[in-house]
Every structure is written in structure tokens, then in C-alpha cells.
Amino acid sequence: MKSKINDIKNSIGSFEINSIDQLEAFRIKFLGSKGLTKELFSELKNVPNEEKKEIGQLLNQLRTDAELKYEDSKKTLIQSQKTANDLDLSRPGESFEIGSHHPLSLVKREIISIFSKIGYIVSEGPEIEDDWHNFSALNFPPEHPARDMQDTFFIEKGEKEIALRTHTSSVQVRVMETSKPPIRTISPGRVYRNEAISARAHCFFHQVEGLYIDKGVSFADLKQTLLYFAQEMFGEKTQIRLRPSYFPFTEPSAEVDVSCTLCNGKGCNVCKYSGWLEILGCGMVDPNVLDSCGIDSSEYTGFAFGMGIERIAQLKYRVTDLRLYSENDIRFLKQFKSGI
Ligand code: PHE
């Protein structure tokens, strides 16, 4: 009996377990209900009484050895399977989403880059403005009907009116007040107007306004600057046309159209068969504005222009519903991934 136990002990020790199948074979052979340890236990009754205790102990030890080997091997196998999975170089890579810039940021950056090539610097200012910077300094006298052109969100009414800025011309007032000509600056930023939200209007949008003040700045300079911008933005064949308009802070004032980017001026449904698309407002800075901001209008002249970033993005990307820009729908934003 003792030598039998010894033999089994040896074969437990030398049994190779390198796979789940071998592990199962080991269990069946040594620990199963018809396995070798069970069989030996059933032979215990034939052992003479005086040896029973010793043999019994040997058998218990044998079973414990087999169980230990089984548990250890099982653990090692599971562990090695895990690492094998982790290290499987042929597994497909986990994909991850690359973010994208918002289309309005893409257009804003492009506008900034176009103007910075001709010496314009970027200036920024507060979105909550006082009446002076948003209106009065820009030649909107109190009660002037032109104030109604821009439906304002007022924060405080009364002596010192505070409102959300309706245009970034307010930033240009701040620049004129604090610096000396020559001034060449563009002011990108968010502006607010109290309008019902629809596909064609929103209560907030984004602008880039430009200002150039120096000795002898003329309307021809303005026109050439805008032609340069339009051709950089929409392609070298782009033409511009200026139509007379009115703004309290510029005189003369004009509205600028570019030749339709879709049909090149032939007429299509984007340009409503006119061949032209309106993109911005502009004009020569009114001498009253220069004087209000501490710049001598007998010495200096200047021009200003202002455009909506949404409008430019709309023409560039053919997005017809303004609301898409602020809804943060990932399906919309994803389409601008290739932008830089
Ligand atoms: N501030 C004007 C607007 O918001 C745009 C503009 C700027 C027009 C400068 C003329 C000159 O509508």
C-alpha cells in the first residue's frame, strides 16, 4: 500500500499541466470520483488496523498534494491566458475619436490669418458693455432710431445703461481710446441681439470687425482691402461689389457683396439668381466717431468693416440653418474633422 501511495505521489509530481484539457485530465485521474485517490481510500478498509492511522495520514496528504497542484496549475493557466490576450499583437487596435474644431472657430481663424498677413492685430473686449462703447461713441445719439436697428438685450437701464454688446465695434472704440494711429486691428467675438431664434436669425452670433486709421486712408484702400479678403477667403476669381448703405458710425457707408461662390455670378438658388451674396458692412469712419474717441479727425481718416462669422461659414460650408452652430450635435460637428 505504501509503495502504491508513493508511486501515485510521484506521478502526481511529474504530471504535466500546460493546458485546460490537461488540467481536466489531471482532475479526473487523481481527484475524480473514480480517480486514484478515491480508489486508495476505498482500499483503506483492507489495511491492518495498526497501520490504518499511518496509511490514512499518508492518503490525506496525497489528496491534499493533488488538490494543491490542481489549484496552482489552474491559477497559472488563467493568468497566462490573460497575459496572452493582452499581448496579442494581431488584435485590431482600439479606435479612438479625434476631436474637431468648431466650424465657426475654423472660419474665425482663417479670417484672422488673412488679415494678419496685411498687418492687422487682434483686439478683444467685454461682452457686457456700457452705452458709451456700444452706442454713444459710435455716433448713435440718445433716442436715435438707428439704435432700433440692433435689438438690444439691456442689463441695466437708466443713467448708465449696461447691455450685451450688439456688435464688436465697441472693441474698436476701446482701441481708439487707448492707442494712437496708425491703428490696424480686427475684433472677433460674440455679439447679442434680441431676435427670435429661427433658421435665419439667432439671439447671439459672432462677428469680426476691422478698423484701419492713419493719415490719408481712403475709400479706395477700403475697397482694395475687401477685395483682397474676398479673394483669399473664397478664391482668386471672386469679385466684390459695393452698394450704398447707412451706419451711424461710417460716412459714406456701403454693403459689400461677393460674386456667388457656387455659380460664379451666373445665378443659382443660393444667390437667388442675382449672382451676388451679401457678406459685410463697411464705410469710412465718421469724423464724429474719431473725435469722440480722442483721435483728431482733421489729421486722420480711417475705414471700418464688420462681418458675421456665421454668414461666412454658411457660404463656405453651405450650412443653411444658423441653429446648427449652437446645437452641438455631434453628427454636424464631426463633418469638420479635416479642418485645421
Ligand atoms: N457694426 C456693424 C454691424 O454690426 C457692422 C459695420 C462695422 C458696418 C463697421 C460698418 C462698419 O452691423
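In each ligand, atom 1 is the first atom listed, and ligand 1 is the first ligand listed. The first residue of the sequence shown is numbered 1, and numbering continues consecutively from there.
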Practice item. Please check if the distance between the ring centroids of F247 and H167 is under 6.0 Å. Key: no

Check your understanding: Okay, side chain of T168, backbone of V171: is any donor-acceptor separation there less than 3.5 Å?
Key -> no

Review point. Would E209 and S169 count as a side chain to side chain donor-acceptor pair (under 3.5 Å) if you check the C-alpha gap in whole Å, the side-chain angles of each, and the deciding distance to 0.1 Å?
Key: CA-CA 7 Å; E209 296 216 354; S169 304; 2.4 Å; yes

Point to revise | Chi angles and distances behind the side chain to side chain donor-acceptor pair (under 3.5 Å) call for S136, D131 | key: CA-CA 6 Å; S136 297; D131 176 89; 2.5 Å; yes

Point to revise | Short N-O contact, K316 and E110, less than 4.0 angstrom | key: yes

Exercise for review: Give me the ring orientation class for Y70 and F26: parallel if the planes are under 30° apart, tilted from 30 to 60°, perpendicular past 60°.
Suggested key: parallel

Output block, N or O contacts of ligand 1, threshold 3.5 Å exclusive:
| from | atom 1 | to | atom 2 | distance (Å) |
| --- | --- | --- | --- | --- |
| ligand 1 | 1 (N) | H167 | ND1 | 3.1 |
| ligand 1 | 1 (N) | S169 | OG | 3.1 |
| ligand 1 | 1 (N) | E209 | OE2 | 2.7 |
| ligand 1 | 4 (O) | R193 | NH2 | 2.9 |
| ligand 1 | 4 (O) | Q207 | NE2 | 2.8 |

